[in-house]
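Following: one structure in structure tokens, then a few remarks.
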Protein chains: 2
Amino acid sequence: MHEEMRRAFSLFSGKWKLEVRRLLNQRIYRFVELRKAISDITQHMLTAQLRELENDSLIWRTVFAEPPRVEYETTPKAIVLGPTMAALATWWSEYGKSVPVKPNPRWRKANSIRKGDGTG
Amino acid sequence: MHEEMRRAFSLFSGKWKLEVRRLLNQRIYRFVELRKAISDITQHMLTAQLRELENDSLIWRTVFAEPPRVEYETTPKAIVLGPTMAALATWWSEYGKSVPVKPNPRWRKANSIRKGDGTG
DNA sequence: CGGAATCCATAGTGATACTG
DNA sequence: CAGTATCACTATGGATTCCG
């Protein structure tokens with residue numbers, strides 16, 4: 001089961017992929033539009049990240065002749081991931097910066113064996 | 001919103017962090033046990049990944065004198081993330097290797113504007 | 001047992017220039 | 001407009017050695 005998690009994670013391991021996914025989940029973008037939307041990214045990196053996302057079938061790439069442009073859009077595969085991504089963002093908002101206090105080891109030992117959470 | 005996703009992702013960006021999280025979400029592990037459970041990891045890397053997870057308050061570290069050992073366990077902060085991680089794994093199982101077919105651009109343009117999915 | 005310190009290989013990222 | 005090609009830099013991962 002953890003192998004799936006690792007692979008799912010790796011699909012978005014690129015520095016800009018999450019941002020690209022978020023944008024394309026809203027509407028179709030042209031290459032230039034993405035560059036403007038992600039102001040800090042270089043042309044080189046944007047191309048690279050888009051290629052990887054495309055190879056993983058997370059986005060579609062369409063070339064148009066007139067007017068000359070390339071459009072990018074999400075695939076259904078990426079769309080269904082939206083709620084999970086939202087959950088991740090919510091988790092960070094709620095717990096991200098929190099620092100839970102460790103209880104005393106002595107009385108914590110008693111009930112230290114937890115059940116699984118479904119991921120293991 | 002995407003900043004939260006990026007930060008949440010970065011907490012588990014280390015090569016072995018997802019595996020450590022999965023193990024510790026089941027029970028408390030000693031350092032040696034983790035090394036045996038994750039057979040390919042080096043002592044150096046295990047220490048490094050554990051330190052980072054600890055600094056992010058995703059795991060707790062407890063030193064015991066007798067018998068000499070160090071125990072690691074998840075924090076509640078990491079526990080609540082379980083279902084989301086499970087969702088990610090499920091997503092990979094269902095869609096991970098799928099390659100959705102891109103419909104013809106011409107009639108696809110008509111309804112190309114989608115609503116948001118909550119992430120962005 | 002559970003580290004720390006050092007060194008090295010590789011992958012990821014980025015700046016720049018050039019092209020169909 | 002949307003790339004490709006180089007090169008440089010940085011982060012990450014890993015092998016090895018030593019330590020309380």
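The figures that follow rest on heavy atoms only: side chains count, while hydrogens, waters and symmetry mates do not. A note on names: the letters A, B, ... follow the listed sequences, proteins ahead of strands, and every chain is numbered from 1.
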Is the base of D:dA5 touched by the side chain of A:His44 through a donor-acceptor pair closer than 3.5 angstrom? yes
Quick one: sort the B:Phe9 and A:Phe12 rings into parallel, tilted or perpendicular, breaks at 30° and 60°. perpendicular
Starting from C1' on C:dT16, measure out to CG on A:Leu46 and report it in whole angstrom. 17 Å
Side-chain N or O of B:Tyr29 less than 4.0 angstrom from OP1 or OP2 on C:dG2? no
Are OP1 or OP2 of C:dG3 and a side-chain N or O of B:Arg30 less than 4.0 angstrom apart? no
Counting side-chain heavy atoms from CB outward, which of D:dG14, C:dG2, D:dG3 is closest to B:Trp16? D:dG14
Could you tell me the separation between the OH atom of A:Tyr72 and the C1' atom of D:dG3, rounded to a whole number of Å? 8 Å
On a heavy-atom basis, the closest approach of B:Thr84 and A:Ala87 is OG1-CB, 3.9 Å
Between B:Lys15 and D:dG14, does any side-chain N or O lie under 4.0 Å from OP1 or OP2? yes
Distance, rounded to the nearest Å, where A:Leu50 contributes CG and D:dG3 contributes P: 7 Å
Side-chain N or O of B:Gln49 less than 4.0 angstrom from OP1 or OP2 on D:dT12? no
Describe the nucleic acid contact of A:Glu33 in one word from base, sugar-phosphate, nothing, applying a heavy-atom distance below 4.0 Å. nothing
Between P on C:dG14 and CD1 on A:Ile38, what's the gap in Å once rounded to a whole number? 11 Å
Rounded to whole Å, the CZ-C1' distance (B:Phe31 to C:dG2) equals 6 Å
Output yes when B:Arg35 and B:Glu33 qualify as a salt bridge under the 4.0 Å nitrogen-oxygen rule, no when they do not. no
Out of D:dC1, C:dG2, D:dG14, which nucleotide sits closest to the side chain of B:Thr42? D:dG14
What is the distance, to the nearest angstrom, from the CZ atom on A:Arg35 to the P atom on D:dG3? 11 Å
CD1 of A:Ile41 versus P of C:dA15: gap in Å, rounded? 11 Å
Between A:Gln43 and A:Glu52, name the one whose nearest nucleotide on DNA chain C is closer to the 5' end. A:Glu52
Does A:Arg51 have a side-chain nitrogen or oxygen under 4.0 Å from the phosphate oxygens OP1 or OP2 of D:dG3? yes
To the nearest Å, how far apart are A:Met45 CE and D:dA8 P? 18 Å
Consider the side chain of B:Arg61, meaning its heavy atoms from C-beta on, and name the nucleotide among C:dG3, D:dA2, C:dA15 that approaches it most closely. C:dG3
Determine whether a donor-acceptor pair (N or O, by modelled atom type, separation under 3.5 Å) exists between the side chain of A:Arg69 and the backbone of A:Pro67. yes
Near B:Phe31 CZ, under 6.0 Å, is it more than 12 heavy atoms from other residues, nucleotides or ligands? yes
